[in-house]
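Reading through the structure tokens given below for one structure.
Order of appearance sets the numbers: ligands from 1, and atoms from 1 within every ligand.
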Amino acid sequence: MNLHEYQGKEILSSFGVRVQRGIVATTVDEAFKAAQEMTDKTGTNWWVVKAQIHAGGRGKGGGVKLAKSLDEVKEKASEIIGMNLITPQTSKEGKKVHQVFIAEDMYYPGETEVEEFYMSVLLDRGKGKNIIVYSTEGGMDIETVAEKTPERIFTEEIDPAVGLQSFQARKIAFNLGLSGAAFKDMVKFVDSLYKAYIESDATLFEINPVLKTSDNKIAAVDAKVSIDDNSLFRHPDYLKLRDVREEDPTEVEAGEAGLNFVKLDGNVGCMVNGAGLAMATMDIIKLSGGNPANFLDVGGTADAERVEKAFRIILKDESVKAILVNIFGGIVRCDRVAQGILDAYKNMGDSIKVPIIVRLQGTNAEIAKKMIDDSGLKVFSAITLEDAANEVTKALA
Ligand code: GDP
Ligand code: MN
């Protein structure tokens, strides 16, 4: 689950990580009040108006603006709230901005004295370790730094069983070229950042930039935070942070129906039970000359209702030219699944305009195939993977 910057900062802050503080606002009026409140709280006289969307690179798209007076806060907030923000990380359609974060300016007074770093904490699955990736080149696109000056990116591996060692935090501060009070504060920053990452069950913390202020304090100016979905059961308070407006509407609808659905950009829809089989099915689609339009795991109960829902979700995508259903009838018998598919098909009447290829394997597969063949509907049956692939190729021809 991805979070907004302001939500990520709240989590960081609760673990003692210093952040650029701010208040979220959904209207220009609220933005104005938030700016006044920030001044009361922090003494700041400049503010940063920051669009809250689930994508980085907001600054580049005009979604992060400095305001040097309360009038400017209103002006920038009215420009940003409701705007369609296009950044290097959004689709070309962009994302609508529903709220802004009114933050204290942390770069004042001497912009020449501040320094921007890059830091992220994530899991390296290959190594089975957490890693802290950091760089002196903060505030810019880290992919560009990786490409042009890879020697400026450092990685520190952390054994999850042992945790972050204090020499590692010192090494990071040293490699970032810090000394004195800034060095000490960076050690503390890294320490609390890692602790926050572990305890919040995050899969990613990306802080770009990490700022060294002119008075040598280290703070997170930006925060990209993702929480592991599988851990949400033990963080009921984080569940409230979900913003479905930022997610793909079809994926949200599928999730509500208990279907595991991920949209892809191919031309063959697929409906499968089990994630492993879904991966194999996507390979079969590739072999048949098509491209998977989605990943869809209907789970264990492929009854008529779920199958119908799944068909409807797949068919929302106009690029779908054929649907491949690949179900292994182990606990659920193939004939029951076949009945579910046929019932769903009949229910949907004319709304299915593309050929459907059904491959059922397992208990009663032969009976299921006969049911489909005898139905008189535009459903093609297969038992082997090869037959299924050939039927898909024919359907796309
Ligand atoms: P992103 O563009 O989505 O990564 O959003 P960021 O939160 O990283 O902000 C973009 C850029 O705005 C940063 O890299 C900074 O250069 C600038 N910025 C952010 N906060 C401040 C601030 O308090 N003062 C000033 N002057 N610039 C800021
Ligand atoms: Mn950033």
Next on the checklist: If the cut-off is 4.0 Å to any non-hydrogen atom of Gly56, which atoms of ligand 1 fall inside it?
Outcome noted: 3 (O)
Checklist entry - At a 4.0 Å threshold, what atoms of ligand 1 neighbour a non-hydrogen atom of Gly59? => result 1 (P), 2 (O)
Next on the checklist: So if I count the atoms of ligand 1 from 1 in the order they appear, which ones are less than 4.0 Å from some heavy atom of Arg58?
Outcome noted: 1 (P), 2 (O), 3 (O), 5 (O), 6 (P), 7 (O)
Checklist entry - Counting heavy atoms only, which of Asp105, Val64, Val49 is nearest atom 9 (O) of ligand 1? => result Val64
Checklist outcome for this item: Looking at Asp222, the N, O or S atom sitting nearest the Mn ion (ligand 2) is OD2
Next on the checklist: Strictly distance-based, threshold 3.5 Å: is any side-chain N or O of Asn326 a donor or acceptor partner for the main-chain N or O of Leu360?
Outcome noted: no
Next on the checklist: Taking a cutoff of less than 4.0 Å between a non-hydrogen atom of the residue and any ligand atom, is Glu116 in contact with ligand 1?
Outcome noted: yes
Next on the checklist: For atom 7 (O) of ligand 1, tell me which residue out of Glu104, Lys65, Lys50 has the closest non-hydrogen atom.
Outcome noted: Lys50
Item to check | Per-atom contacts of ligand 1 with Val221, taking only distances under 4.0 Å to non-hydrogen atoms | outcome: 19 (C), 20 (N)
Item to check | Residue part near ligand 1, for Asn208, under 4.0 Å between non-hydrogen atoms | outcome: backbone
Next on the checklist: Under a plain distance cut-off of 3.5 Å, with no hydrogens placed, do Lys286 and Asn291 share a side-chain donor-acceptor pair?
Outcome noted: yes
Next on the checklist: When you measure from the centre of the six-membered ring of Phe101, is the NZ or CZ of Lys50 closer than 6.0 Å and no more than 45° off the axis?
Outcome noted: no
Checklist entry - Can Arg242 and Glu247 be said to form a salt bridge (charged side-chain N to carboxylate O under 4.0 Å, His left out), step by step? => result CA-CA 9 Å; Arg242 185 166 174 213; Glu247 297 173 21; 2.7 Å; yes
Next on the checklist: Suppose I only count heavy atoms of Gly57 and a 4.0 Å limit; which atoms of ligand 1 are within that range?
Outcome noted: 1 (P), 2 (O), 3 (O), 4 (O)
Checklist entry - Is the Mn ion (ligand 2) less than 2.8 Å from at least one N/O/S atom of Glu206? => result no
Checklist entry - Is Leu12 linked to Val187 within one hydrophobic cluster, defined over Ile, Leu, Val, Met, Phe, Trp and Tyr using a side-chain heavy-atom separation of less than 4.5 Å? => result yes
Item to check | Per-atom contacts, ligand 1 versus Pro209 - under 4.0 Å to a heavy atom | outcome: 8 (O), 14 (O)
Item to check | Nitrogen or oxygen of Lys60 less than 3.5 angstrom from that of ligand 1 | outcome: no
Next on the checklist: Does either side chain, that of Trp46 or that of Ser69, offer a donor lying less than 3.5 Å from an acceptor on the other one?
Outcome noted: no
Next on the checklist: Under a 4.0 Å threshold between the charged nitrogen and the carboxylate oxygen, would Asp387 count as salt-bridged to Arg359?
Outcome noted: no
Checklist entry - Are a donor atom and an acceptor atom from the side chains of Thr87 and Lys60 found within less than 3.5 Å of each other? => result no
Next on the checklist: Show the atoms of ligand 1 that are less than 4.0 angstrom away from any heavy atom in Gln20.
Outcome noted: 20 (N), 21 (C), 22 (C), 23 (O)
Checklist entry - Any donor and acceptor pair, going by atom type alone, linking the side chain of Thr213 with main-chain N or O of Lys217 inside 3.5 Å? => result yes
